[in-house]
Each structure stands twice: as C-alpha cells, then as structure tokens.
Amino acid sequence: MCGRRVNGVGADVLARAGLRSVPEGRGVFPSLTVTEHLRMATHLGTPLADIEERAFARFPRLRDRRSQVVGTLSGGEQQMLAVARVLSTDPALLLLDEISMGLAPVLVDELYQAVRQAADDGVSILIVEQLATGVLALADQAAIMLNGRVQKVGSPAEMADELATAYLAGTAG
C-alpha cells in the first residue's frame with residue numbers, strides 16, 4: 001500500500017492506513033439495520049451524522065431504509081450499503097470483490113457510478129470482477145488473472161481485446 005509491501009501486516013494497521021474492502025457476497029449483517037451498519041463505520045472517529053450524510057448522498061434510497069433490517073433489503077440495496085459504508089470513511093485504497101454479482105444491470109451501473117466518483121475523488125481502487133467488460137470503463141489499468149496469477153497487464157482497451165480469448169481459451173499470453 002502506498003508503494004510498500006503489506007504481506008504480514010495486521011488488519012488493524014491496514015485499516016488505519018485507509019484500506020477498505022467489500023468482499024464477495026456483500027459482507028453485511030442481515031440482522032442489523034442500515035443505521036447500525038453505518039454506525040460501524042464510525043470506529044475511526046467520524047461522527048455518525050457525517051457517515052450517514054455521505055452514504056445517503058451517494059445512494060439516496062438508503063435514507064428511506066435507514067431503520068430497515070438489512071436482511072430485508074434487496075441484494076442491490078445490500079450492495080449499495082456495503083459500498084456506501086466503506087466509501088463514507090475516506091478510504092485510501094478500496095478493494096471490491098465481485099460487486100456486480102447477481103445484480104440487475106441498472107443497479108450495477110449505479111454502483112459503478114459511485115465507484116467512478118470515488119476514483120475521481122482520488123481513491124485508489126482494485127476491482128475483481130468475473131464479468132470484467134462492464135468494469136473496464138472505470139479502469140485506468142487492467143489485468144487478466146488465471147488460476148490466481150496475473151497473466152497480463154495493460155490499458156483497459158488492450159485488455160478488452162484479450163478478455164474473450166483469455167477466459168474462453170483458458171490462457172492469456
């Protein structure tokens with residue numbers, strides 16, 4: 001992170017340095033409310049009112065659901081909450097794993113817009129997406145991975161040309 005290796009660095013140290021993540025499967029607690037989820041983001045000292053203001057500005061529909069139990073939200077709303085929670089804490093580096101998984105295209109577009117805005121605001125973002133063509137428009141740099149190993153790195157345009165071949169043939173290179 002910031003040009004330094006982070007192998008073996010504790011999660012608490014990485015969190016204080018600004019690393020945030022949204023894991024595959026959203027990483028939400030179904031029995032908590034939207035507000036309770038956002039309250040978890042106050043652990044670094046940002047007041048809840050500020051966290052809520054940022055989250056609701058990014059995803060206005062969450063404001064109407066602030067008292068709702070997260071397990072009763074749609075999958076897209078749960079993903080919005082997960083993304084809003086981490087973006088509301090001024091991350092330095094954001095790791096996103098399969099944020100489009102199982103969502104309607106209109107919701108994916110809304111999530112990608114929020115991610116693009118965060119990148120435009122200076123947040124470094126690493127996105128892992130199986131359906132990579134949709135996320136290439138957000139990227140400054142792209143990589144193709146196979147079996148957990150980076151096979152090729154280049155511009156989004158270069159990698160777009162490689163995607164079908166790499167994944168359908170099972171090789172990149």
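Counting only heavy atoms from C-beta outward, the side chains of V22 and D97 never approach each other to under 4.5 Å. L93 has its side chain within reach of S124: a pair of non-hydrogen atoms, C-beta onward, lies under 4.5 Å apart. A heavy-atom distance below 4.5 Å is not found between the side chains of M145 and Q151. At a threshold of 4.5 Å between non-hydrogen side-chain atoms, the residues P30 and V70 do not count as touching. Looking at T42 and T46, their side chains never come closer than 4.5 Å, going by heavy atoms from C-beta outward. You'll find the side chain of L19 reaches within 4.5 Å of the side chain of L95, heavy atoms only.
Under 4.0 Å is where a charged nitrogen must lie from a carboxylate oxygen, and between E52 and R39 no such pair does.
Tracing side-chain contacts under 4.5 Å through hydrophobic residues (I, L, V, M, F, W, Y), one reaches L87 starting from L48; they form part of the same cluster. Residues L32 and F59 do not share a hydrophobic cluster, defined by chaining ILVMFWY side chains whose heavy atoms lie under 4.5 Å apart. In the hydrophobic clustering of ILVMFWY residues, with side-chain heavy atoms under 4.5 Å counting as a link, L94 and L136 come out apart. Transitive grouping of hydrophobic side chains (ILVMFWY, heavy atoms separated by less than 4.5 Å) brings L126 and V6 into a common cluster. By the rule that hydrophobic residues join a cluster once side-chain heavy atoms approach within less than 4.5 Å of another member, L138 and L111 end up as members of one cluster.
Note that the CG atom of L107 and the CD1 atom of I99 stand 11.5 Å from one another [nearest 0.5 Å]. The distance from atom OG1 of T35 to atom CG of L62, rounded to the nearest 0.5 Å, is 10.0 Å. In this structure, L81 CG and L38 CG are separated by 5.5 Å, a value rounded to the nearest 0.5 Å.
Residues A139 and P156 approach most closely at O-CG, 3.2 Å, considering heavy atoms. In terms of heavy-atom proximity, A82 sits nearest to V28 at CB-CG1, 4.1 Å. Between V86 and P91, the closest heavy-atom pair is O-CD, 3.5 Å.
Within the structure, every pair that satisfies the ring-ring contact (aromatic ring centres under 6.0 Å, His included) test and touches residues 4-30, not counting sequence neighbours, is listed here: F29-H37. Within the structure, the side-chain hydrogen bond (donor to acceptor under 3.5 Å, both in side chains) test picks out the following pairs touching residues 69-78 (sequence neighbours left out): R65-E77, Q68-T72, S74-E77.
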Test side-chain contact (heavy atoms from CB on, under 4.5 Å) applied to E129 and S100, step by step
CA-CA 8 Å; E129 276 288 358; S100 69; 2.8 Å; yes
List the steps, then state whether salt bridge (charged side-chain N to carboxylate O under 4.0 Å, His left out) holds for E110 with R58.
CA-CA 9 Å; E110 194 172 341; R58 231 177 261 286; over 6 Å; no
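A side-chain donor-acceptor contact under 3.5 Å links S88 to the backbone of A84. Using modelled atom types, no side-chain atom of E98 and backbone atom of E24 make a donor-acceptor pair closer than 3.5 Å. Under a 3.5 Å cut-off, the side chain of S155 and the backbone N or O of E158 do form a donor-acceptor pair.
Partner of T89 under the side chain to side chain donor-acceptor pair (under 3.5 Å) criterion, out of H43, R54, R20: R20 alone.
No donor-acceptor contact under 3.5 angstrom links the side chains of Q117 and Y112, judged on distance only.
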